[in-house]
Amino acid sequence: MSAALLRDPPPPKTREELLDRAQALSGLTVGQLAARLRTSLDGGPLRTKGRIGELVERALGASAGNLDQPDFPQLGIELKTIPMDELGRVRESTFVSTIDLQALPNTEWASSRVRRKLARVLWVPVQAAGELALGQRQIGRAHLWEMTDEEEALLKADWQQLAGRIAVGGIEEISAHLGEALQIRPKAANASVQVEVHGPEGEFLKTGPRGFYLRARFTESLLWRLSDESG
DNA sequence: TATTGATCATGC
DNA sequence: GCATGATCAATA
(Lines give C-alpha, C1' and ligand atoms only; values in the text may rest on other atoms or scores of the structure.)
Protein backbone atom coordinates (compact mmCIF):
# COMPACT_ATOMS: atom_id res chain seq x y z
CA MET A 1 0.00 0.00 0.00
CA SER A 2 2.52 2.58 1.12
CA ALA A 3 5.37 3.79 -1.03
CA ALA A 4 7.52 2.82 1.91
CA LEU A 5 7.07 -0.81 0.96
CA LEU A 6 8.04 -0.69 -2.71
CA ARG A 7 10.73 -3.09 -3.75
CA ASP A 8 13.09 -0.75 -5.62
CA PRO A 9 11.64 2.71 -5.08
CA PRO A 10 12.61 5.83 -7.04
CA PRO A 11 14.55 8.50 -5.12
CA PRO A 12 12.45 10.02 -2.34
CA LYS A 13 11.16 13.48 -3.21
CA THR A 14 11.04 14.82 0.31
CA ARG A 15 12.74 14.34 3.62
CA GLU A 16 9.45 13.04 5.03
CA GLU A 17 9.16 10.43 2.32
CA LEU A 18 12.69 9.24 3.03
CA LEU A 19 12.08 9.05 6.77
CA ASP A 20 8.82 7.22 6.18
CA ARG A 21 10.61 4.61 4.10
CA ALA A 22 13.37 4.27 6.66
CA GLN A 23 10.93 3.75 9.51
CA ALA A 24 9.17 1.08 7.47
CA LEU A 25 12.41 -0.94 7.55
CA SER A 26 12.56 -0.86 11.32
CA GLY A 27 12.10 -4.32 12.74
CA LEU A 28 12.87 -6.16 9.52
CA THR A 29 15.80 -8.52 9.45
CA VAL A 30 18.50 -8.17 6.83
CA GLY A 31 17.29 -11.49 5.43
CA GLN A 32 13.77 -10.16 5.03
CA LEU A 33 15.09 -7.04 3.37
CA ALA A 34 17.18 -9.09 0.96
CA ALA A 35 14.16 -11.23 0.12
CA ARG A 36 12.07 -8.17 -0.59
CA LEU A 37 14.78 -6.90 -2.92
CA ARG A 38 14.92 -10.30 -4.60
CA THR A 39 18.56 -10.83 -3.81
CA SER A 40 20.50 -13.44 -1.90
CA LEU A 41 22.85 -13.04 1.02
CA ASP A 42 25.47 -15.62 0.15
CA GLY A 43 29.12 -15.29 0.98
CA GLY A 44 31.06 -15.62 4.21
CA PRO A 45 31.80 -12.80 6.66
CA LEU A 46 34.85 -11.75 4.67
CA ARG A 47 32.72 -11.28 1.60
CA THR A 48 29.83 -9.31 3.02
CA LYS A 49 31.45 -6.08 4.20
CA GLY A 50 29.28 -3.27 2.97
CA ARG A 51 26.44 -5.58 1.95
CA ILE A 52 23.93 -4.19 4.44
CA GLY A 53 24.66 -0.63 3.42
CA GLU A 54 24.03 -1.49 -0.21
CA LEU A 55 20.73 -3.22 0.56
CA VAL A 56 19.46 -0.31 2.62
CA GLU A 57 20.48 2.12 -0.13
CA ARG A 58 18.39 0.19 -2.60
CA ALA A 59 15.44 -0.10 -0.26
CA LEU A 60 15.38 3.65 0.35
CA GLY A 61 15.96 4.70 -3.24
CA ALA A 62 19.46 6.12 -2.94
CA SER A 63 20.63 7.31 -6.31
CA ALA A 64 24.14 8.71 -6.14
CA GLY A 65 25.91 5.44 -6.86
CA ASN A 66 29.62 5.89 -6.43
CA LEU A 67 29.60 9.53 -7.43
CA ASP A 68 31.00 12.06 -4.99
CA GLN A 69 27.48 13.11 -3.94
CA PRO A 70 25.24 12.49 -0.96
CA ASP A 71 23.20 9.31 -1.29
CA PHE A 72 20.09 11.45 -1.75
CA PRO A 73 21.47 14.38 -3.77
CA GLN A 74 18.23 16.36 -4.01
CA LEU A 75 17.76 16.17 -0.25
CA GLY A 76 21.43 16.62 0.64
CA ILE A 77 21.27 13.57 2.87
CA GLU A 78 23.95 10.94 3.35
CA LEU A 79 23.00 7.40 4.39
CA LYS A 80 25.00 5.39 6.91
CA THR A 81 24.14 2.03 8.37
CA ILE A 82 25.67 1.64 11.79
CA PRO A 83 26.31 -1.62 13.65
CA MET A 84 24.99 -1.59 17.23
CA ASP A 85 24.71 -4.29 19.86
CA GLU A 86 21.71 -5.06 22.09
CA LEU A 87 22.98 -2.56 24.67
CA GLY A 88 22.91 0.24 22.13
CA ARG A 89 26.68 0.35 21.87
CA VAL A 90 28.15 1.30 18.49
CA ARG A 91 30.44 -1.51 17.38
CA GLU A 92 32.50 0.11 14.66
CA SER A 93 33.95 3.38 13.52
CA THR A 94 32.32 5.04 10.53
CA PHE A 95 34.13 5.80 7.31
CA VAL A 96 33.57 9.40 6.20
CA SER A 97 35.73 10.15 3.19
CA THR A 98 39.03 9.56 1.53
CA ILE A 99 41.64 12.28 1.85
CA ASP A 100 43.27 14.17 -0.98
CA LEU A 101 46.60 14.56 0.78
CA GLN A 102 47.83 17.10 -1.78
CA ALA A 103 44.78 19.33 -1.63
CA LEU A 104 43.89 19.12 2.05
CA PRO A 105 46.29 21.86 3.20
CA ASN A 106 44.56 24.30 0.85
CA THR A 107 41.07 23.61 2.12
CA GLU A 108 39.18 24.86 5.13
CA TRP A 109 36.86 23.11 7.51
CA ALA A 110 33.80 25.02 6.32
CA SER A 111 34.22 23.75 2.77
CA SER A 112 35.84 20.44 3.63
CA ARG A 113 34.68 17.11 2.32
CA VAL A 114 34.18 15.88 5.86
CA ARG A 115 31.80 18.69 6.73
CA ARG A 116 29.93 18.30 3.46
CA LYS A 117 29.54 14.56 3.98
CA LEU A 118 28.36 15.00 7.52
CA ALA A 119 26.02 17.94 6.91
CA ARG A 120 22.97 15.67 7.13
CA VAL A 121 23.21 11.96 7.81
CA LEU A 122 20.43 9.40 8.04
CA TRP A 123 21.73 6.81 10.51
CA VAL A 124 20.17 3.37 10.21
CA PRO A 125 21.17 1.13 13.13
CA VAL A 126 21.63 -2.56 12.37
CA GLN A 127 21.99 -5.18 15.05
CA ALA A 128 25.53 -6.56 15.08
CA ALA A 129 25.98 -8.77 18.09
CA GLY A 130 28.71 -11.37 18.11
CA GLU A 131 28.10 -14.28 15.81
CA LEU A 132 24.62 -13.24 14.69
CA ALA A 133 24.28 -14.34 11.06
CA LEU A 134 23.91 -11.55 8.53
CA GLY A 135 20.38 -12.56 7.59
CA GLN A 136 19.24 -12.61 11.24
CA ARG A 137 20.30 -9.07 12.06
CA GLN A 138 17.48 -6.70 12.77
CA ILE A 139 17.22 -3.19 11.38
CA GLY A 140 16.48 -0.46 13.93
CA ARG A 141 14.86 2.95 13.96
CA ALA A 142 16.54 5.48 11.69
CA HIS A 143 17.55 8.95 12.86
CA LEU A 144 18.29 12.04 10.79
CA TRP A 145 21.28 13.88 12.18
CA GLU A 146 22.44 17.45 11.72
CA MET A 147 25.47 18.22 13.83
CA THR A 148 25.05 20.50 16.82
CA ASP A 149 27.38 23.45 17.34
CA GLU A 150 29.11 21.45 20.02
CA GLU A 151 29.59 18.43 17.76
CA GLU A 152 30.83 20.63 14.96
CA ALA A 153 33.34 22.32 17.26
CA LEU A 154 34.72 18.92 18.21
CA LEU A 155 34.97 17.72 14.64
CA LYS A 156 36.44 20.98 13.46
CA ALA A 157 39.16 20.95 16.12
CA ASP A 158 40.17 17.42 15.18
CA TRP A 159 40.07 18.19 11.48
CA GLN A 160 42.22 21.29 11.87
CA GLN A 161 44.77 19.49 13.98
CA LEU A 162 45.02 16.64 11.49
CA ALA A 163 45.00 18.86 8.42
CA GLY A 164 47.70 20.96 10.04
CA ARG A 165 49.98 17.95 10.47
CA ILE A 166 49.47 16.97 6.86
CA ALA A 167 50.17 20.53 5.70
CA VAL A 168 53.67 20.39 7.16
CA GLY A 169 54.38 17.01 5.61
CA GLY A 170 53.62 15.05 8.75
CA ILE A 171 51.31 12.42 7.33
CA GLU A 172 53.58 9.60 8.48
CA GLU A 173 53.35 10.86 12.07
CA ILE A 174 49.59 10.65 12.07
CA SER A 175 48.20 7.53 13.64
CA ALA A 176 44.61 6.63 14.44
CA HIS A 177 45.27 7.62 18.05
CA LEU A 178 44.92 11.28 17.14
CA GLY A 179 41.57 13.03 17.21
CA GLU A 180 38.78 12.80 19.78
CA ALA A 181 35.90 12.34 17.37
CA LEU A 182 37.52 12.30 13.94
CA GLN A 183 40.53 10.14 13.15
CA ILE A 184 42.67 9.26 10.15
CA ARG A 185 43.23 5.64 9.19
CA PRO A 186 44.42 3.77 6.12
CA LYS A 187 41.79 3.33 3.42
CA ALA A 188 42.82 1.17 0.50
CA ALA A 189 42.23 -2.15 -1.17
CA ASN A 190 45.58 -3.35 0.17
CA ALA A 191 49.06 -2.25 1.15
CA SER A 192 50.31 -2.12 -2.42
CA VAL A 193 48.23 0.97 -3.14
CA GLN A 194 50.42 4.05 -2.82
CA VAL A 195 49.96 7.76 -3.40
CA GLU A 196 52.53 10.53 -3.69
CA VAL A 197 52.74 13.20 -1.00
CA HIS A 198 55.08 15.94 0.18
CA GLY A 199 57.37 15.06 3.09
CA PRO A 200 58.57 17.40 5.86
CA GLU A 201 61.29 18.88 3.65
CA GLY A 202 58.98 19.24 0.69
CA GLU A 203 60.38 16.13 -0.94
CA PHE A 204 58.11 13.62 -2.65
CA LEU A 205 57.40 10.36 -0.95
CA LYS A 206 54.99 7.49 -1.28
CA THR A 207 52.47 6.48 1.33
CA GLY A 208 49.23 4.58 1.61
CA PRO A 209 45.91 6.36 0.99
CA ARG A 210 44.11 7.58 4.12
CA GLY A 211 40.54 8.24 5.08
CA PHE A 212 38.65 10.14 7.76
CA TYR A 213 36.62 8.04 10.20
CA LEU A 214 34.27 8.87 13.06
CA ARG A 215 35.14 7.17 16.30
CA ALA A 216 32.51 4.77 17.59
CA ARG A 217 32.08 6.70 20.83
CA PHE A 218 31.30 9.91 18.94
CA THR A 219 28.67 8.22 16.76
CA GLU A 220 27.29 6.49 19.81
CA SER A 221 26.81 9.71 21.72
CA LEU A 222 25.02 11.46 18.88
CA LEU A 223 22.74 8.48 18.34
CA TRP A 224 21.88 8.36 22.02
CA ARG A 225 20.98 12.03 21.88
CA LEU A 226 18.78 11.57 18.80
CA SER A 227 17.20 8.52 20.33
CA ASP A 228 16.36 10.49 23.50
CA GLU A 229 14.91 13.35 21.48
CA SER A 230 12.59 11.08 19.52
CA GLY A 231 11.37 9.34 22.67
C1' DT B 1 37.78 -5.81 25.16
C1' DA B 2 38.54 -1.55 22.59
C1' DT B 3 41.19 0.18 19.05
C1' DT B 4 44.15 0.43 15.11
C1' DG B 5 45.75 -0.82 10.80
C1' DA B 6 44.44 -3.74 6.93
C1' DT B 7 41.31 -5.55 3.99
C1' DC B 8 36.94 -7.20 1.10
C1' DA B 9 33.14 -6.41 -2.66
C1' DT B 10 31.29 -3.69 -6.47
C1' DG B 11 31.05 -0.19 -10.37
C1' DC B 12 33.07 2.66 -13.74
C1' DG C 1 42.80 3.40 -9.93
C1' DC C 2 39.56 5.45 -7.15
C1' DA C 3 35.10 6.09 -5.76
C1' DT C 4 31.19 3.78 -3.27
C1' DG C 5 29.68 0.49 0.79
C1' DA C 6 32.02 -0.92 5.37
C1' DT C 7 34.04 -4.87 8.79
C1' DC C 8 37.87 -7.96 9.89
C1' DA C 9 41.38 -9.43 12.94
C1' DA C 10 45.80 -8.60 15.20
C1' DT C 11 47.36 -6.02 18.94
C1' DA C 12 47.54 -2.82 22.76
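Computation of the quantities below employed the complete heavy-atom set of this structure, encompassing side-chain atoms and omitting hydrogens, waters and symmetry-equivalent molecules. Numbered from 1 within each chain, the chains take letters A, B, ... in sequence-line order.
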Checklist entry - Atom CG of A/N190 to atom P of C/dC2: distance rounded to whole Å? => result 12 Å
Next on the checklist: Measure CZ/A/F212 against C1'/B/dT4 and give the value in whole Å, please.
Outcome noted: 17 Å
Checklist outcome for this item: Contacts of A/H198 meeting ring pair (Phe, Tyr, Trp, His ring centres under 6.0 Å) (sequence neighbours excluded), chain-then-number -> A/F204
Item to check | Distance in angstrom units between A/E196 CD and C/dC2 C1', rounded | outcome: 17 Å
Next on the checklist: Can you measure A/K206 atom NZ to C/dG1 atom C1' for me and round it to whole angstrom units?
Outcome noted: 12 Å
Next on the checklist: My understanding is that only residues two or more places apart in sequence, or in another chain, count here; which of them pass ring pair (Phe, Tyr, Trp, His ring centres under 6.0 Å) with A/F95?
Outcome noted: A/Y213
Item to check | A/Q183 vs A/S192, nearer the 5' end of DNA chain B by closest nucleotide | outcome: A/Q183
Next on the checklist: For residues A/L162 and A/V168: do they belong to one hydrophobic cluster (side chain heavy atoms under 4.5 Å, members Ile, Leu, Val, Met, Phe, Trp, Tyr)?
Outcome noted: no
Checklist entry - Any Lys/Arg nitrogen of A/R21 or A/E17 sitting under 4.0 Å from an Asp/Glu carboxylate oxygen of the other? => result yes
Next on the checklist: In this structure, how many angstroms lie between the C1' atom of C/dA3 and the CZ atom of A/R116, rounded?
Outcome noted: 13 Å
Item to check | Within 6.0 angstrom of A/R185 CZ, more than 12 heavy atoms from elsewhere | outcome: yes
Next on the checklist: Please encode protein proximity along nucleotides 4-12 of chain C as a string of B, S and -, counting only heavy-atom distances under 4.0 Å.
Outcome noted: BBBBBS---
Checklist outcome for this item: To the nearest angstrom, the CG-P distance between A/D85 and B/dT1 comes to 11 Å
Checklist entry - Is a side-chain N or O of A/D158 found less than 3.5 angstrom from the main chain of A/E180, in a donor-acceptor match? => result yes
Checklist entry - Does a side-chain N or O from A/R217 land closer than 4.0 Å to OP1 or OP2 of B/dT3, or not? => result yes
Checklist entry - What is the distance from CZ of A/R210 to P of B/dG5, rounded to the nearest Å? => result 9 Å
